[in-house]
Structure formats: structure tokens, C-alpha cells
Amino acid sequence: MDKEEYLKDRVAEERRYFSSAAKKNKKRYTAVSIIRLLVSLLITVLSPVLGDFSVNSIVISVLGAIITFLDGLMFLKKYNECWVNYRITNEKLKEEEYYFKTKSEKYFHLDEEEQLDVFVQNIESIIKSTNQNWKKINLKKESR
């Protein structure tokens, strides 16, 4: 695989994936957080207004259950952790690609073949680290 193929087939594809995954998890995290906040506010407002009427108590209980569910969902799915992890990975990949393309930082004094070798090693290291972090997040989740 030559330099251009690696940049296009591996680096660009990984950056697209991590960027997309970060956006998706950010949206999920934000949506669940907003819903949770709104339901919490409803409980706070409705609790004194509705008093001890049975229908009202049921409404308040359902809203409390929704908050509990959303908290559990955010805990289990780790949307915030995944969003941050994917975003950081995408930024690291982008930064490494810029260094490589501009022949700056660690690539400055290397010949073209050495530059590609170092670049591939660094990109693969970033991806491997993210995959290991993802496993850590999910193993933590499953072991609880």
C-alpha cells in the first residue's frame, strides 16, 4: 500500500468513522440529558401542585421512572465517554495527518520512506489505543 492509498483508505476512513461516531454520541448524550432535565423539572413543578391525588401520584411516579431509566441508559451506553473518546481520536488522527503532510515535527528530518513508516506506526497506535479504550469502557459496563 503506497502513501496515497494509506491516506485515503485507512486514515481518511478512520477519521470519517471517529468523526461520525463522536457526532452520534454527542447527539445522544445531549438528547438524553435534555429529556432528563425536562422531566426533572416537571417533577419539581408538578409535585407540590398535584399533591396526593392518586392520578397525580402516578404521573409523578412515571416521571421519576423516566429519569431513572434515562440515568441508567446514559450510564450503560456511556454516550458522554464515547463522544469524548471518538472526538479526541479524530483530533489526534487529524493532527498526525497534518504533521505528515507538512513534513513537520517528527517527520522533518526523515526521508520519504521513513516518514511513511513512522506515520503508519503512529496512526495504527492511535487507532489501537482507541480500540483498547473502547474495550475498557464496555468491559467496565458489562462487569457491573
Side-chain angles (χ1 to χ4, degrees), residues 1-108 110 114-144:
M1 180 178 284
D2 69 8
K3 176 173 73 173
E4 293 306 316
E5 285 178 304
Y6 186 79
L7 282 167
K8 187 178 122 210
D9 295 342
R10 181 68 168 162
V11 178
E13 192 59 39
E14 290 295 322
R15 288 201 46 225
R16 267 192 297 279
Y17 168 77
F18 286 114
S19 179
S20 171
K23 287 175 189 172
K24 184 171 31 173
N25 280 278
K26 180 182 180 181
K27 284 179 185 176
R28 288 175 178 168
Y29 176 75
T30 303
V32 170
S33 295
I34 289 170
I35 293 168
R36 183 187 177 284
L37 177 62
L38 292 174
V39 173
S40 294
L41 290 170
L42 275 174
I43 288 174
T44 304
V45 170
L46 292 177
S47 187
V49 172
L50 298 178
D52 279 341
F53 303 105
S54 63
V55 172
N56 298 335
S57 298
I58 292 171
V59 169
I60 292 171
S61 296
V62 168
L63 293 174
I66 291 171
I67 286 180
T68 303
F69 172 77
L70 294 174
D71 278 347
L73 182 64
M74 286 194 321
F75 175 77
L76 289 172
K77 295 295 186 175
K78 308 286 187 198
Y79 293 136
N80 189 30
E81 289 178 41
C82 289
W83 157 39
V84 170
N85 188 37
Y86 292 144
R87 184 71 189 157
I88 288 170
T89 299
N90 189 48
E91 291 302 315
K92 286 180 182 178
L93 290 170
K94 182 170 45 172
E95 178 182 42
E96 196 65 37
E97 184 177 5
Y98 289 152
Y99 289 151
F100 176 70
K101 286 181 174 179
T102 60
K103 298 179 181 4
S104 54
E105 294 280 318
K106 53 198 147 227
Y107 302 102
F108 183 70
L110 302 175
E114 290 173 322
Q115 288 173 354
L116 183 59
D117 288 344
V118 169
F119 179 65
V120 169
Q121 288 173 12
N122 290 339
I123 291 294
E124 295 303 322
S125 176
I126 291 168
I127 294 168
K128 181 180 180 182
S129 174
T130 299
N131 290 340
Q132 288 171 338
N133 196 23
W134 183 88
K135 286 178 187 174
K136 216 184 301 181
I137 290 170
N138 285 293
L139 289 177
K140 235 193 316 185
K141 178 173 67 176
E142 291 172 4
S143 67
R144 291 185 178 169

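Every value quoted in this text rests on a predicted model; they were computed, and no experiment measured them.
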Visitor: Could E96 and K92 be called an ion pair, given the rule that one side-chain N must be under 4.0 Å from one carboxylate O?
Guide: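 Result for this pair is no, no salt bridge flagged.
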Visitor: To the nearest 0.5 Å, how far apart are CD in Q121 and CG in L116?
Guide: 10.0 Å
Visitor: Give a yes or no on this: more than 12 heavy atoms of other residues, nucleotides or ligands lie within 6.0 Å of atom NZ of K106.
Guide: yes
Visitor: To check you understand the geometry: which heavy-atom pair defines the closest contact between I123 and L93, and what is its length?
Guide: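 Where I123 meets L93 most closely, the heavy atoms are CD1-CD2, 3.6 Å.
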Visitor: For a quick test of reading the model, state the closest non-hydrogen atom pair linking R15 to N90 and the distance between them.
Guide: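 Heavy-atom minimum between the residues: O-OD1, 3.1 Å.
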Visitor: Rounded to the nearest 0.5 Å, how far apart are NZ of K78 and CG of N25?
Guide: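 The NZ atom of K78 sits 12.5 Å away from the CG atom of N25.
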Visitor: I'd like to know if the side chain of Y17 pairs up with that of E13 as donor and acceptor (distance under 3.5 Å, no hydrogens or angles considered).
Guide: no
Visitor: Is it true that E97 and K94 have a side-chain N and a carboxylate O under 4.0 angstrom from each other?
Guide: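 Looking at K94 together with E97, the answer is no, because their closest N to O distance does not fall below 4.0 Å.
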Visitor: Hey, does V118 have a side-chain heavy atom less than 4.5 Å from the side chain of F100?
Guide: no
Visitor: Where the side chain of S129 meets the backbone of S125, is there a donor-acceptor pair that is under 3.5 Å apart?
Guide: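 Pair absent, no side-chain N/O of S129 close to backbone of S125.
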Visitor: If we only count heavy atoms from C-beta on, is the N131 to I127 side-chain gap below 4.5 Å?
Guide: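 Side-chain contact under 4.5 Å: yes.
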Visitor: Of all the heavy-atom pairs spanning K8 and R16, show the shortest one and how long it is.
Guide: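 Nearest heavy atoms, K8 then R16: O-NH2, 4.3 Å.
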Visitor: Would you check if F119 and Y99 make a side-chain contact, meaning some heavy-atom pair closer than 4.5 Å?
Guide: no
Visitor: Can you name the closest pair of heavy atoms from R87 and A22 and give their distance?
Guide: N-CB, 3.6 Å
Visitor: With rounding to the nearest 0.5 angstrom, report the CZ to CD1 distance, F69 to I35.
Guide: 10.0 Å
Visitor: Within the structure provided, determine whether R10 and E124 are in side-chain contact (heavy-atom separation under 4.5 Å).
Guide: yes
Visitor: What's the shortest heavy-atom distance between Y98 and S104, and which atoms?
Guide: O-OG, 4.5 Å
Visitor: What is the distance from atom CD1 of I66 to atom CG of D71, rounded to the nearest 0.5 Å?
Guide: 12.0 Å
Visitor: Which heavy atom of L70 sits nearest to which heavy atom of R36, and what is that distance?
Guide: CD1-N, 3.6 Å
Visitor: Partners of N85 by side chain to side chain donor-acceptor pair (under 3.5 Å), sequence neighbours excluded?
Guide: N133
Visitor: From E91 CD over to Y86 OH, what is the distance, rounded to the nearest 0.5 angstrom?
Guide: 16.0 Å
Visitor: What's the separation between atom OH in Y79 and atom OG1 in T30, rounded to the nearest 0.5 Å?
Guide: 12.0 Å
